[in-house]
Protein chains: 2
Amino acid sequence: MGTIYDLAKITGFSITTVSKALNNYKDVSEKTRAKILQAAAEMDYLPNAHAQSLSTKKSWAIGVMFSEANEVGMKHPFFNGIIESFRHATEEHGYDLIFASRNLRNRDMSYLEHFKHRAVDGIVVICSDRMDEQVQELMQSDIPIVVVDMDSANCSVVYSDNTEGARMAVNYLYELGHRHIAHIAGDSSIDAGAARVKGYELAMQTLDLPIHPGYLVNAGFFSVEEGKQAMEKLLQLASPPTAVFVAGDQMAIGAIEAVHEHGLRVPEDISIIGYDDIEMIKYITPKLTTIRQDTDEIGEAAAELLIEQMTAKERRTERRVIPVTLIERASCAPVKK
Amino acid sequence: MGTIYDLAKITGFSITTVSKALNNYKDVSEKTRAKILQAAAEMDYLPNAHAQSLSTKKSWAIGVMFSEANEVGMKHPFFNGIIESFRHATEEHGYDLIFASRNLRNRDMSYLEHFKHRAVDGIVVICSDRMDEQVQELMQSDIPIVVVDMDSANCSVVYSDNTEGARMAVNYLYELGHRHIAHIAGDSSIDAGAARVKGYELAMQTLDLPIHPGYLVNAGFFSVEEGKQAMEKLLQLASPPTAVFVAGDQMAIGAIEAVHEHGLRVPEDISIIGYDDIEMIKYITPKLTTIRQDTDEIGEAAAELLIEQMTAKERRTERRVIPVTLIERASCAPVKK
DNA sequence: CCTCTTCCCGAAAGCGCTTTCGGTAATTTG
DNA sequence: CAAATTACCGAAAGCGCTTTCGGGAAGAGG
């Protein structure tokens with residue numbers, strides 16, 4: 001492959017000139033630039049990124065902190081859509097993504113430390129747990145950063161319009177004639193969870209609908225199993241709801257399972273609307289009606305906010321909230337008379 | 001943060017000694033090592049990875065080439081399980097993963113070029129398209145590499161025991177009494193697809209079962225839609241099969257859809273067994289019986305093969321085939337009399 | 001007391017690249 | 001034709017770290 005020295009030797013120019021030719025400086029003649037470029041092509045020359053980063057203090061790398069919750073990592077059906085879109089968007093600007101391990105040789109270190117070690121130009125955190133110390137540390141650092149699916153006053157963030165989404169869901173059920181509408185909620189330590197219960201409560205209030213005791217059940221961290229258990233509780237109730245807005249598709253899947261196991265049908269006996277629009281819900285029975293989060297849009301917005309900061313080489317604080325849409329499928333029906 | 005020079009100045013030692021202390025060289029006394037380490041801790045010193053890589057020629061980074069097929073990328077339900085497990089395994093050894101873009105500033109370059117540019121220690125390719133020029137180029141380079149889900153004579157590979165899996169599937173259907181067993185296959189340009197039809201044919205032959213005309217249908221690239229279309233064809237047949245072994249879970253989902261749309265039931269009218277055991281099939285109706293590929297094991301094996309090469313700093317060629325298991329759920333039933 | 005080891009430490013070169021700052025040659029201007 | 005630009009090029013320092021090699025001091029052996 002060779003270095004810039006070899007290139008200098010071959011072409012007879014100094015390494016300074018070679019470097020300039022390679023980097024399109026204007027103070028090198030077209031003729032010599034052409035010679036150098038050709039020689040570079042012939043010897044398959046490629047600049048060494050480490051050397052470049054070392055002297056320019058720019059690494060063209062973005063550190064990714066991904067959800068570590070219950071070992072899902074990149075398998076997370078919602079987050080992986082975001083990261084994929086983020087990757088595409090940043091790629092076009094020449095950035096690489098680096099998934100850092102938390103272990104530097106023997107010693108283990110924090111994400112922030114590792115990112116500093118790697119000298120990344122920016123950080124994206126896709127991890128909904130705001131209590132995570134690691135996340136806190138990252139948000140307080142001075143490296144350009146964007147955090148997804150979480151709110152914060154002192155760094156750039158992008159997330160879906162969760163309260164509006166919740167409102168849409170409740171209104172939709174209302175228009176189908178439902179008046180007994182429950183909510184299976186995500187834990188409010190997670191912003192998205194909290195925002196959706198807020199939206200639910202707001203919508204109910206606006207529609208002048210009471211939230212019956214037991215109609216708001218916290219199902220924790222968005223898993224199928226937790227959704228199922230939450231639905232069990234609703235089904236136990238003296239007067240169970242006729243419709244339920246579930247704060248996440250995976251929980252909704254669990255909820256449907258619970259309904260089925262009780263010998264009831266969705267949507268005939270009970271309507272269910274989810275949140276996220278993950279891939280698999282198109283294939284379950286019934287196909288799940290849900291509030292769709294636009295992962296493409298979220299990823300792109302995140303990329304945009306981060307790239308801005310990285311090119312300006314300064315931290316900024318901007319909030320971007322992405323609109324959601326209701327996707328009508330087959331899990332909701334008019335209330336039965 | 002500071003550099004090693006600052007550390008030298010503060011402690012009064014030379015940078016040589018500081019470096020040695022940090023790297024556990026034995027020719028530095030415990031006393032001075034302690035002083036240096038403490039100073040390092042106090043000033044939050046972190047070594048610069050680029051500088052280290054530059055002088056050691058080791059980057060502690062692994063380049064990842066991921067499936068680009070139909071824009072799925074990290075959303076691929078099977079591959080993302082592998083990469084997640086691979087990530088865990090390599091992380092423990094101190095390696096970071098880097099997802100390279102194919103664009104270096106203005107100029108765009110190949111994956112291989114980019115990986116050389118980044119000076120990665122090794123490469124993992126998770127992309128089943130062996131015809132991809134980029135993949136070819138990577139496999140022919142001299143960088144340590146491991147390729148997943150694909151066979152090759154001249155680099156380390158790991159994949160599931162596809163022919164055995166196919167055999168298990170067919171035998172299972174046979175034991176349920178089925179004799180009219182069809183196969184919805186993946187394209188044979190993809191190794192896994194080819195191996196599974198081979199296994200299917202072998203098994204049928206061993207069981208002395210004929211493969212009726214039209215019973216082996218190529219469904220292309222493992223998508224739900226293609227699976228559906230393939231099943232349509234089977235249903236068109238004069239004497240349709242009573243059971244079908246589908247080469248991928250997503251295709252199986254499509255196949256089930258097709259069966260349902262024809263007013264038939266799974267498994268009562270027709271049994272279906274899939275391949276992969278992706279997350280979502282536990283939630284469809286009926287729950288899909290399938291051949292499970294152990295993504296954890298595959299990812300770990302890949303990590304192991306790659307790490308071996310990277311520490312030896314030489315390319316090796318080892319083949320690892322991972323056993324599969326049959327997961328019995330609800331999509332297969334005894335043939336009806 | 002002298003020589004030979006052993007133990008610690010540091011000077012310096014090197015990894016591959018960028019960028020400032022001059023300097024010479026060619027060109028333009030008056 | 002002399003003076004002032006302009007166009008091109010290169011020396012050298014610097015980015016932050018590792019590693020070879022040699023040397024001084026201290027301890028061991030005779």
Side-chain angles (χ1 to χ4, degrees), chain A residues 1-37 39-40 43-61 104-105 107 113 115-121 313, chain B residues 1-37 39-40 43-61 104-105 107 113 115-121 313:
Chain A
M1 257 200 38
T3 76
I4 205 175
Y5 288 90
D6 303 325
L7 224 33
K9 186 156 299 172
I10 290 180
T11 59
F13 293 98
S14 71
I15 60 162
T16 304
T17 304
V18 172
S19 173
K20 286 179 179 171
L22 260 20
N23 292 294
N24 294 314
Y25 273 59
K26 51 280 157 197
D27 66 341
V28 33
S29 72
E30 267 318 317
K31 207 190 301 180
T32 84
R33 179 197 312 289
K35 276 188 198 162
I36 292 174
L37 256 37
M43 70 181 286
D44 282 327
Y45 170 80
L46 284 174
N48 179 301
H50 299 298
Q52 285 186 153
S53 302
L54 193 53
S55 74
T56 59
K57 309 223 165 263
K58 167 113 188 162
S59 64
W60 293 99
L104 173 64
R105 308 303 294 132
R107 179 176 169 223
E113 287 176 323
F115 289 148
K116 283 189 170 172
H117 165 66
R118 284 279 184 193
V120 299
D121 296 333
K313 291 202 179 242
Chain B
M1 257 200 38
T3 76
I4 205 175
Y5 288 90
D6 304 326
L7 224 33
K9 187 157 297 174
I10 291 180
T11 59
F13 293 99
S14 71
I15 60 162
T16 306
T17 303
V18 173
S19 173
K20 287 180 178 171
L22 260 20
N23 291 295
N24 294 313
Y25 272 58
K26 53 279 156 199
D27 65 340
V28 33
S29 72
E30 268 317 319
K31 206 189 302 181
T32 85
R33 178 197 313 290
K35 275 188 198 162
I36 292 174
L37 258 36
M43 70 181 286
D44 283 327
Y45 170 79
L46 285 174
N48 178 302
H50 299 298
Q52 283 187 154
S53 303
L54 194 54
S55 75
T56 59
K57 310 224 164 259
K58 167 114 187 162
S59 64
W60 293 99
L104 173 63
R105 308 303 293 127
R107 178 174 171 226
E113 287 176 323
F115 289 148
K116 282 188 169 173
H117 165 67
R118 283 280 184 193
V120 299
D121 295 335
K313 291 201 182 242

Going 5' to 3' along DNA chain C, between which two nucleotides do contacts with chain B fall, using a heavy-atom cut-off of 4.0 Å?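 Taking any atom under 4.0 Å from a heavy atom of chain B, the span is C:dC8 to C:dG16.
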Counting heavy atoms not belonging to A:K9, are there more than 12 under 6.0 Å from its NZ?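 Not more than 12 within 6.0 Å, no.
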Dump the intermediate steps for side chain to side chain contact (heavy atoms under 4.5 Å, CB included) on A:N48 and B:L54, then the final yes or no. CA-CA 9 Å; A:N48 179 301; B:L54 194 54; 4.2 Å; yes
With axes from five pairs an end, tell me the bend angle of the helix from C:dC1-D:dG30 to C:dG30-D:dC1, nearest 10°.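 Here the helix ends are tilted 40° relative to one another.
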Which residues in residues 11-23 of chain B have at least one heavy atom lying under 4.0 Å from any atom of DNA chain D?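 Output list: B:I15, B:T16, B:S19, B:K20, B:N23.
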Taking all non-hydrogen atoms of both residues into account, name the closest pair between [X] and [Y] and its distance.
X	Y	result
A:M1	A:L46	CE-O, 3.3 Å
A:I4	A:Y45	N-CE1, 3.7 Å
A:T32	A:T17	OG1-CG2, 4.5 Å
B:I36	B:V18	CD1-CA, 3.8 Å
B:S14	B:A8	C-CB, 4.0 Å
B:G2	B:M43	CA-CE, 3.6 Å

For [Y], does its backbone N or O pair with a side-chain atom of [X] as donor and acceptor, under 3.5 Å?
X	Y	value
B:H50	A:R118	yes
A:S59	A:A119	yes
A:R33	A:K26	no
A:D121	A:W60	yes

My understanding is that only residues two or more places apart in sequence, or in another chain, count here; which of them pass side-chain hydrogen bond (donor to acceptor under 3.5 Å, both in side chains) with B:K116?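 Checked B:K116 against side-chain hydrogen bond (donor to acceptor under 3.5 Å, both in side chains); zero matches.
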When you compare the protein's N or O atoms with those of nucleotides 24-28 of chain D, which come within less than 3.5 Å of each other, and at what distance?
none

For DNA chain C, which residues of residues 26-34 of chain A approach it to below 4.0 angstrom with any heavy atom?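 Nucleic-acid contacts, sorted: none.
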Less than 4.5 Å apart, side chain to side chain, heavy atoms only: is that true for B:V28 and B:F13?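 Not in contact.
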Base, sugar-phosphate or nothing for B:Y25? Non-hydrogen atoms, less than 4.0 Å.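 Result for B:Y25 = sugar-phosphate.
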Let me confirm one number: the CG-OG1 distance from A:L37 to A:T11, rounded to the nearest 0.5 Å.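 Going from CG on A:L37 over to OG1 on A:T11, the span is 11.0 Å.
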